[in-house]
Amino acid sequence: MAAALSSSNHCCSKSPAYSSSSSSSIGFNQSLKNVQFSVISRKKLGSKNVSLQSKCTPLSNAILMQDGALPTKVPTTSETPLKKSKEVLSPITSPEENKAPIISDVNNSKSTVSITVVGASGDLAKKKIFPALFALYYEDCLPEHFTIFGYARSKMSDAELRDMVSRTLTCRIDKRENCGEKMEQFLQRCFYHSGQYDSEDNFTELNKKLKEHEGGRIANRLFYLSIPPNIFVAAVKCASRSASASNGWTRVIVEKPFGRDSESSAALTTSLKQYLEEDQIFRIDHYLGKELVENLSVLRFSNLIFEPLWSRQYIRNVQLIFSEDFGTEGRGGYFDHYGIIRDIMQNHLLQILALFAMETPVSLDAEDIRNEKVKVLRSMKPIRADDVVIGQYKSDTRGGVSYPGYTDDTTVPKNSLTPTFAAAALFIDNARWDGVPFLMKAGKALHNKTAEIRVQFRHVPGNLYNRNFGTDLDRATNELVIRVQPDEAIYLKINNKVPGLGMRLDRSNLNLLYKARYSKEIPDAYERLLLDAVEGERRLFIRSDELDAAWKLFTPVLKELEENKIIPEYYPYGSRGPVGAHYLAARYNVKWGDLGVDE
Amino acid sequence: MAKLLSNPCRNSSPATFSSYHNDNNYKNLCCSRKINALPSITHFSKWAPRILARIQTRRRFELRSSNGYPLNAVSLQDEGSAANSQTEETQLSDSGKGDSTLSITVVGASGDLAKKKIFPALFALYYEDWLPENFVVFGYSRTKMNDEELRNMISGTLTCRIDRRANCDEKMSEFLKRCFYQSGQYNSEEHFSELDCKIKEKEGGRPSNRLFYLSIPPNIFVDVVRCASTQASSTSGWTRVIVEKPFGRDSKSSNELTRCLKKYLTEDQIFRIDHYLGKELVENLSVLRFSNLVFEPLWSRNYIRNVQFIFSEDFGTEGRGGYFDNYGIIRDIMQNHLLQILTLFAMETPVSLDAEDIRNEKVKVLRSMKPLQLEDVIVGQYKGHNKGGKSYQGYTDDPTVPKNSVTPTFAAAALFINNARWDGVPFLMKAGKALHTKRAEIRVQFRHVPGNLYKRNFGTDLDKATNELVLRVQPDEAVYLKINNKVPGLGMRLDRSDLNLLYKTRYTREIPDAYERLLLDAIEGERRLFIRSDELDAAWSLFTPLLKELEDRKIAPELYPYGSRGPVGAHYLAAKHNVRWGDLAGED
């Protein structure tokens, strides 16, 4: 504990505003973890700049080595530089965070976290947020003292909320024991408060209730805004004015959409910033919480064999592919207003692209990573309308079953031109990626449900086999596929010889299928992101300048599509999408990897 | 016809062989090429069109593309020569339509190798329809036997492919009908001329090609070659001789052997077999390197920290140590098999896949290496051991081995290639008998990630968890690449996983034995996998000084228990070069 004290003091003196962040040095955390991990590691709530924190398991930082050597655990002193970069990057600090940490770290066991789910009766809350919170609790990842509040307009009692929530909770498939018991304990900590989203009075009542549960402990508060965007600001205003923590941090998680173009997004940010500091805002992009997206950086930066290949010199193109095998199915109201480009591309796919293409960050610290991501976004030119293909699904009848088209959805205007499919070519004008097409494709009501990153390598220069055989080996290039969902996997397509007396070449996969290697259930993206928010780890959340840069890329083309009322290319429900996507790819001499025969 | 083809290259020295191919003396090989594009093509050309067609089928090069393009299947030969062979073939086949024949004589037919490997490989080739329509197999050795007895003997070891059992018995008896036996002394020209008569009889006047497989002790190589070449060479086709190791026991004896062989044979009649080069994954090594963009950029000292060639057997000499004791593991495995794989691994990109181009590059690697130093080698010998109530004999307990033998049954060595690509990269070799596993593999360990971000944050020694590419030659052929990735879950744990290609899960077909490939290549005149004289010479130059020193100074091997992981000295040798053996780590 002395270590914690001194470390936090040290940082206090350097940047008082961030003292909460410094409470756990990694090295310290590690050394303690081995002794009394279960309590200690979970108590480091304010440690927001510890980028790779130990989570939940005592082994969390272990590296398995084939060499049989024991990993040496050396306490690192890498904190100071991180601190400095922080000071520079986000000079504005929250008043709440100013006061809290000094105390909270001294007296860990007396701090508490209140998580308020605003919009608790909504779908996302039921399907994702409460189950994720329970999973964190079940895995012992939440602090000892925590309270969960549901807040929504519906009139409900605590018991009714619990009843509603309990229906969607599940225990991990691989760890079922005590499930019922744990669930019961969790539900006991769930409460409900009904109120209007724009009523400061109602939030004051909430504040009172929260205080009751906090019982005088150091209180940190996390608000999860699971509400429509038009009431974001009102809710933030009320929450921050009337229900902020008085002696701990207050953080707000916001879900997309973050505006619908540069202006509205900027306006939203300005409004939020009236009530919140930059580092209180946690813009969630749940794709960044996916296991294999997290793994992307690990693959790149902890394997020698990939980094040398990670440039225009070896990579011919990169494909970011998202598809769903269902349409709006009666819930098109929100979607029709946004369309697939805003719903998937401008955020999820672009975020993955930025992570993929960024230069090596100075460290794994959130600010360093986000700085690099912003650099990528700023090196890109706004997308040209020429480089975008849009589509909309139409009805189709197959095997006697008929599938409705997009505009058959009663919640969608009959004449809607909103794209349910889009493909786009993007370019990054920097030294590493000049001329390499980054293709994105996203669509609803397609033939499969998948999300993947495909890296197609160039042909082998002067290929011996090509020269001698006259076969077009240039088309059989290497390809690295990172499949985010379903069935997480990484595979590298290589050419090898088919065993036998002849000389036939064949493409095989060097394969790592997660479910074959890791029997553990992979946690939902929301679990990771909620935990990160609780811990103040901002790596996977989107900073305002990042959001701004992202909108700049897409706003002009979105405007053009809408102003010119560009008619989407229609494709049948359940098909492979409009053929326009192929022509777009062909223009840049690319073939979609997901539509090849061997997939 | 033969004369017409061979004229431009006629050798001035009156070769004892009458075959026109004789003339393709190594020196003026290029001259023959100008005319015939490839020497091998001319060999083909003597064959019946059907055979040629089949060979081209075999060489069919197909590639499945993920991109959905139907890729063209084109034959292996480069376009020019393929075209050439077509035209030649038509010319020639006019004269000898379907009439050429192939005789394969296994000299030393009663021996172990012949029974276990050569006859079964020949049968497998026949079974898979790789052999020409007209072929005969002759067994030759001193043992008195008739054809029937030979057939009896070999039928015991023939098997049909596991994946294609149909007609097995029928095929087997057809094959056996083509097997004949001639007994005779290995140094008797008279007996070989009797053999010649018998072969002629079977050839029935057709243009004939003859392949001799010398499966005999090295001391009678030259005698047999002399007798065979003077008495039993083909008069109307090619004559080739396959020789098995040992090719001498040092530079001098190897040179002597080569010199003697060359008295009777020209360079391109000699097929020095190294059966490791016929292994599937060794063949695949070049494919991996040269047809994948992702590997070639990494293939140098910039990214590769060290390369390991590992061979181990889990049994000792077991009463058959007589031959072995005279050679030892360095000559038996390292100087040939492992060194050959090393050169294939390390060579520069050849101009083409043609045999001469590849062998030129291999020789360059060998010539860029310095002879091995004694301090870079450790030797070991297994001793008796009791395990689980069972007792295993030590090497010197073998009655066929002298009691005071210091012959190494284990050796590890560090080699260096002093060229721009590999300067400073240790190439480690390890070979041993009576170890805990049976395996052969190539391990490529990559350097650490410079400025590893994860290392910085964790303080964990990620430098030990470097990437590694493993080509497992046997058993269970596989290619895998060890990578670091994140263990799924909320924490940030890194883990080494394998990007894996296990052959038996992807390819259900049985993988052919190395001998099948090599025999077929010899029949087809494809020399890629055979060792050229200058290659052999360069290989011996590397090892001879060391072997001499070991023997002159009677260096005592480090003893290790039968069935163990070998002497610990191997670890110290690796440590000296800052390497860890990949095969002795926990996870493998």
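No experiment lies behind these values; they were computed from the predicted model shown. All values below come from the heavy atoms of this structure, side chains included, with hydrogens, waters and symmetry mates left out. Letters go in sequence order (proteins before strands), and every chain restarts at 1.
In this structure the side chain of B/V479 reaches within 4.5 angstrom of the side chain of A/L510, judged on heavy atoms. B/Y303 places none of its side-chain heavy atoms less than 4.5 Å from the side chain of A/I305. Looking at A/L492 and B/V294, their side chains come closer than 4.5 Å, going by heavy atoms from C-beta outward. Put simply, the side chain of B/N302 does not reach to within 4.5 Å of the side chain of A/P308, judged on heavy atoms. Residues A/Y314 and B/L293 have side chains in contact (heavy-atom distance under 4.5 Å, counting atoms from C-beta outward).
Only the side chain of B/L298 comes within contact range of chain A, judged by heavy atoms closer than 4.5 Å. Both the backbone and the side chain of A/S297 come within contact range of chain B, judged by heavy atoms closer than 4.5 Å. Interface remark: A/I494 contributes backbone and side-chain atoms alike to the contact with chain B (heavy atom separation under 4.5 Å).
B/N284 places a side-chain N or O within 3.5 Å of a backbone atom of A/K497 that can act as its donor or acceptor partner. Side-chain atoms of B/N484 come within 3.5 Å of backbone atoms of A/S302 as a donor-acceptor pair (strictly under, hydrogens ignored).
Within the model, atoms CG of A/N496 and CG of B/L281 stand 8.5 Å from one another, a figure rounded to the nearest 0.5 Å. Residue A/L304 holds its CG atom at 6.0 Å from CG of B/N467, rounded to the nearest 0.5 Å. Expressed to the nearest 0.5 Å, how far CG of A/N478 lies from CG of B/N292 amounts to 4.0 Å.
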side-chain hydrogen bond (donor to acceptor under 3.5 Å, both in side chains) assessment of B/N500 paired with A/N511: CA-CA 5 Å; B/N500 206 339; A/N511 207 337; over 6 Å; no

